[in-house]
*Asks:* 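Got a structure here, written out as structure tokens. Questions coming.
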Amino acid sequence: MKIGLTKAWEKELDKLLRALSGAFLFGVPMLFTLEMWQIGSYLSHGRLLLLLGVALAVNFPLSYFAGFKGESTLRVGIDQAVGALAVGAVASAVMLVILNRIQPGDSLDSILGMIILQAVPFSLGASVANALLIESENDREKKTKAFRKPRWALLNDLGATAAGGMFIGFSIAPTEEVLLIALEMDYWHELALIVFSLVVTYIIVFESGFSPQSKENNRSSFLQKPATETMVAYVLSLFVAAISLYLLGQVELSDPLNSILSQILVLGFPTAIGGAAGRLVI
Amino acid sequence: MSKEHLQAHQQEQARSLVEWTTFGISLGILLLLVGLLSYDYFIHEDKPVEVEVRPALDLIVQRKDSYYLPILVTNQGHEAARSVQVLIKLVVNGEQVEEGQVVIDFLAGQDVVEGMAVFDRNPLTGELQVELGFVIQ
């Protein structure tokens with residue numbers, strides 16, 4: 001019974017981490033939208049309750065047909081929809097605190113509004129996690145054959161990280177939000193953002209069960225070990241963020257260093273998520 | 001019951017226990033959100049926008065030839081205000097000598113935003129007059 005219970009917990013944790021990965025992959029662009037914070041802070045209580053209800057109602061069919069637990073019964077559908085929304089709410093609360101959108105003195109209704117509004121896209125991402133990213137076994141075999149040599153695998157990973165990061169980075173870098181968040185982040189928020197970026201990208205690539213490579217044990221090269229790969233990919237994502245900001249004229253070399261660094265760290269979160277997604281799909 | 005059956009039965013039991021636990025926690029999180037929303041709804045009635053401006057005279061800083069005066073703009077109400085305009089005039093001996101403006105794009109309910117007014121002469125030498133204009137969301 002004990003072994004069975006441990007196994008069941010491991011399986012459940014895998015599913016939750018996959019939901020969390022889906023949430024970030026899908027919901028991050030909305031997180032960097034000024035209007036989402038503003039609208040969240042003034043929506044009425046009634047409308048927020050309605051939002052929660054609608055989110056549940058939309059998550060149910062999504063979970064039922066393409067849910068992160070990979071099963072379809074009525075009970076499981078309800079279970080997953082509730083789970084997806086809860087995962088979305090927790091992810092939303094944590095991110096809003098790290099990005100300093102929620103501060104200790106804020107009123108309860110504006111805090112709740114921001115968390116609930118952002119939880120909707122996060123929960124949808126959690127629900128479609130499976131459908132979005134799970135690959136067929138065939139693709140998986142082809143890929144592992146093609147990139148069996150460690151050198152190729154490393155180039156493949158770095159290229160995919162840069163491409164995925166650029167894809168998301170370029171869609172967020174031109175917006176005012178990056179500077180807005182960066183201006184209001186203090187040292188502790190920045191530190192938390194670095195740690196969280198590393199943890200989330202690690203989870204997406206190695207713990208969510210999406211990646212065909214995550215189950216491979218023959219990762220011979222040093223840079224291919226999960227922890228080192230995550231770190232190298234994060235540093236590359238920061239470069240991608242810096243280049244995106246510079247190319248789009250959002251930072252100039254003459255700007256103060258701490259302002260440049262803060263913006264790179266802020267944009268580095270979505271580019272790291274994009275990079276992780278890139279490593280999964282390319 | 002055969003050994004395989006017993007094992008399968010135990011695994012099924014473990015699975016359902018784990019699933020019920022996560023379902024319970026998830027439901028708890030959602031109920032907490034709904035509970036907090038309801039609590040907030042009954043505790044606070046919808047209070048209209050009420051903007052208060054306080055020049056922080058004790059925090060004036062002089063840098064080179066300019067005086068920087070932090071302006072704290074607070075919304076005591078629960079509704080949000082847009083385009084909050086604060087007009088600050090420095091009056092010395094009944095005569096207006098300087099005028100500055102701070103515009104805050106968005107001020108959520110119960111929120112405090114700090115702006116900065118810059119003067120050529122020390123604002124403490126005269127009388128500050130504050131005028132307020134805003135658009136309600």
Side-chain angles (χ1 to χ4, degrees), chain A residues 1-13 15-16 19 34-35 37-46 48-49 51-53 55-56 69 71 75-76 78-90 92-93 103 105-116 119 123 180, chain B residues 6-50 72 74-83 104-114 135-137:
Chain A
M1 179 76 188
K2 238 186 187 169
I3 296 170
L5 200 59
T6 321
K7 256 196 182 156
W9 270 119
E10 273 174 17
K11 236 177 134 186
E12 193 70 14
L13 186 69
K15 289 168 186 168
L16 283 175
L34 172 80
E35 286 76 7
W37 321 326
Q38 294 189 344
I39 293 171
S41 66
Y42 68 73
L43 281 183
S44 70
H45 296 83
L48 288 174
L49 272 179
L51 251 176
L52 277 178
L56 267 182
K69 290 185 180 176
E71 300 159 64
R75 189 183 72 81
V76 172
I78 295 172
D79 176 19
Q80 291 178 10
V82 170
L85 195 52
V87 165
V90 172
S92 155
Q103 288 144 0
D106 290 351
S107 68
L108 186 59
D109 57 347
S110 90
I111 292 177
L112 287 172
M114 277 195 263
I115 291 176
I116 290 172
S123 70
L180 258 173
Chain B
L6 190 69
Q7 229 174 1
H9 176 69
Q10 282 182 341
Q11 270 177 4
E12 189 53 42
Q13 259 191 331
R15 202 183 99 166
S16 107
L17 173 72
V18 167
E19 283 187 350
W20 275 111
T21 312
T22 39
F23 178 71
I25 295 172
S26 302
L27 195 64
I29 292 172
L30 295 191
L31 288 178
L32 179 74
L33 280 179
V34 174
L36 284 172
L37 265 181
S38 316
Y39 165 81
D40 194 66
Y41 177 74
F42 287 110
I43 292 296
H44 296 112
E45 71 277 32
D46 267 350
K47 220 167 120 186
V49 175
E50 193 183 315
L72 296 171
T74 312
N75 182 0
Q76 305 279 10
H78 283 105
E79 281 173 27
R82 247 179 205 282
S83 305
I104 291 154
D105 290 337
F106 182 83
L107 188 61
Q110 306 255 290
D111 202 5
V112 188
V113 172
E114 190 183 306
V135 180
I136 295 174
Q137 184 68 50

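So that the names make sense, note that chain A is the first sequence line, chain B the second, and so on, each numbered from 1. Here the structure is a predicted model, which means the values were calculated and not measured.
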*Asks:* How long is the straight-line distance from CG of B:D111 back to CD of A:Q103, given to the nearest 0.5 Å?
*Replies:* 7.5 Å

*Asks:* For A:V82 and B:S26, work out which heavy atoms get closest and say how close.
*Replies:* CG1-CB, 3.7 Å

*Asks:* Give me the one residue out of A:L112, A:L48, A:I116, A:L49 that meets side-chain contact (heavy atoms from CB on, under 4.5 Å) with B:V34.
*Replies:* A:L49

*Asks:* Is chain B contacted by the side chain of A:L85, its backbone, both, or neither, given a heavy-atom distance below 4.5 Å?
*Replies:* both

*Asks:* List the atom of A:H45, the atom of B:L37, and the distance in Å for their closest heavy-atom pair.
*Replies:* CD2-O, 3.3 Å

*Asks:* Of the backbone (N, CA, C, O) and the side chain (C-beta and beyond), which part of A:L52 lies under 4.5 Å from a heavy atom of chain B, both, or neither?
*Replies:* side chain

*Asks:* Please flag which part of B:T21 lies under 4.5 Å from any non-hydrogen atom of chain A: side chain, backbone, both or neither.
*Replies:* side chain

*Asks:* Specify the closest pair of heavy atoms between A:W9 and B:T22, including all atoms of both residues, with the distance to one decimal.
*Replies:* CZ3-CG2, 4.2 Å

*Asks:* If you compare all heavy atoms of A:S41 against all heavy atoms of B:A108, which two are closest, and at what distance to 0.1 Å?
*Replies:* OG-CB, 3.7 Å

*Asks:* What are the two closest non-hydrogen atoms of A:Q38 and B:F106, and how far apart are they?
*Replies:* NE2-CB, 3.3 Å

*Asks:* Quick one: what part of A:L34 sits under 4.5 Å from any heavy atom of chain B, side chain, backbone, both or neither?
*Replies:* neither

*Asks:* Who among B:I25, B:L36, B:L27 has the most heavy-atom pairs with chain A under 4.5 Å?
*Replies:* B:L36

